[in-house]
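Because the structure is predicted, anything quoted here is derived from the model rather than measured.
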Amino acid sequence: MATVQILVIVGASVLLNLLPFRDVGRVFVVSLLGLVMFLALGYLMGGWLSSPQLATNLGAIVQLLALFLSGLAIPFAILPNWLTNVIRWIPSTLFGDLIFWASKNPLQQTGAMLSTSIVLAVTAVLVFLAVRGFKWDVE
């Protein structure tokens, strides 16, 4: 379902002339990387938390914080420098930076290779922890 949503959003961006067609592949691949990272985080929280409601609510809070602290919803230019220096290294911020890179947006702050490396490493750790911690409830 999330992959279909990515396709719809990227398609709408092309139709609205917000994204050149030549950048579609790169934006799609970067979006899939973020999808895997957030999916692993969701499975990790779902496996470690005691109730599905708690996992759902905490997941919503984490997603909102990730969006607002990534530079995608609130531009870094209006935030104090001390705050941007801290949140610049959060994986969701680096993922947002990769979206900027993929769409050739001038707001990109960190190099694509460094951002990709950190997001891939965090994703690998989250997947490993999610696989180890997830429990199927067969009741």
Side-chain angles (χ1 to χ4, degrees):
M1 182 64 177
T3 305
V4 171
Q5 289 176 339
I6 292 170
L7 288 171
V8 168
I9 291 169
V10 169
S13 298
V14 170
L15 289 175
L16 294 171
N17 291 324
L18 299 172
L19 180 67
F21 186 75
R22 68 180 180 277
D23 296 335
V24 166
R26 187 172 29 198
V27 170
F28 183 73
V29 170
V30 167
S31 297
L32 287 178
L33 175 60
L35 174 64
V36 173
M37 181 175 70
F38 281 106
L39 193 63
L41 180 60
Y43 272 101
L44 179 65
M45 289 189 308
W48 285 5
L49 296 174
S50 59
S51 86
Q53 293 82 13
L54 178 61
T56 300
N57 293 334
L58 186 59
I61 291 169
V62 167
Q63 287 179 2
L64 286 173
L65 283 174
L67 174 66
F68 284 105
L69 294 178
S70 68
L72 295 173
I74 300 174
F76 281 171
I78 65 171
L79 297 175
N81 284 338
W82 66 268
L83 183 58
T84 58
N85 289 334
V86 172
I87 62 177
R88 175 172 286 139
W89 300 107
I90 297 172
S92 61
T93 303
L94 294 168
F95 167 67
D97 211 42
L98 283 174
I99 293 289
F100 287 144
W101 167 78
S103 60
K104 296 183 179 169
N105 188 306
L107 296 175
Q108 179 186 355
Q109 300 283 322
T110 310
M113 290 304 292
L114 179 61
S115 295
T116 302
S117 300
I118 293 172
V119 170
L120 279 173
V122 168
T123 301
V125 169
L126 288 174
V127 167
F128 175 78
L129 292 174
V131 168
R132 303 279 298 173
F134 191 78
K135 304 176 279 302
W136 287 101
D137 187 11
V138 292
E139 292 179 21

Contact summary for [X] and [Y], nearest pair of heavy atoms:
{"X": "Leu107", "Y": "Asp97", "result": "O-OD1, 4.0 Å"}
{"X": "Ala102", "Y": "Asp23", "result": "O-CB, 3.6 Å"}
{"X": "Arg88", "Y": "Leu94", "result": "O-CD2, 3.5 Å"}
{"X": "Ala130", "Y": "Tyr43", "result": "CB-CB, 3.9 Å"}
{"X": "Ser92", "Y": "Phe38", "result": "CB-CZ, 4.0 Å"}
{"X": "Met37", "Y": "Thr123", "result": "CB-OG1, 3.2 Å"}

Between [X] and [Y], is there a shared hydrophobic cluster once you connect ILVMFWY residues whose side-chain heavy atoms come closer than 4.5 Å?
{"X": "Ile87", "Y": "Val122", "answer": "no"}
{"X": "Leu16", "Y": "Ile99", "answer": "no"}
{"X": "Trp48", "Y": "Val125", "answer": "yes"}

Just by modelled atom types, is the Trp89 backbone N or O under 3.5 Å from a matching donor or acceptor in the Thr93 side chain?
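No, Thr93 side chain to Trp89 backbone: no donor-acceptor pair under 3.5 Å.
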Other members of the hydrophobic cluster containing Leu35, with the 4.5 Å side-chain heavy-atom rule, please.
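Its cluster mates, by chain and number, are Ile6, Leu7, Val10, Val14, Leu19, Phe21, Val24, Val27, Phe28, Leu32.
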Side-chain heavy atoms under 4.5 Å apart, restricted to Ile/Leu/Val/Met/Phe/Trp/Tyr: what other residues fall into the cluster of Val127, or is it alone?
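Taking Ile, Leu, Val, Met, Phe, Trp and Tyr as members, Val127 shares its hydrophobic cluster with Val36, Val131.
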What donor-acceptor contacts under 3.5 angstrom involve side-chain atoms of residues 52-75, with partners at least two apart or in another chain?
from, atom 1, to, atom 2, distance (Å)
Thr56, OG1, Pro52, O, 2.9
Asn57, ND2, Gln53, O, 3.3
Ser70, OG, Ala66, O, 3.4
Ser70, OG, Leu67, O, 2.8
Ser70, OG, Leu72, N, 3.2

Check whether any side-chain heavy atom of Leu83 lies under 4.5 Å from a side-chain heavy atom of Phe76, and answer yes or no.
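Leu83 does not reach Phe76 side chain to side chain.
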CA sep, side-chain torsions, deciding dist, call: Phe100, Gln109, side chain to side chain contact (heavy atoms under 4.5 Å, CB included)
CA-CA 9 Å; Phe100 287 144; Gln109 300 283 322; over 6 Å; no
Derivation and outcome, side chain to side chain contact (heavy atoms under 4.5 Å, CB included), residues Thr116 and Val119
CA-CA 5 Å; Thr116 302; Val119 170; 6.0 Å; no
Leu129 side, atom CG; Leu41 side, atom CG - distance, nearest 0.5 Å
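With rounding to 0.5 Å, CG (Leu129) is 10.5 Å from CG (Leu41).
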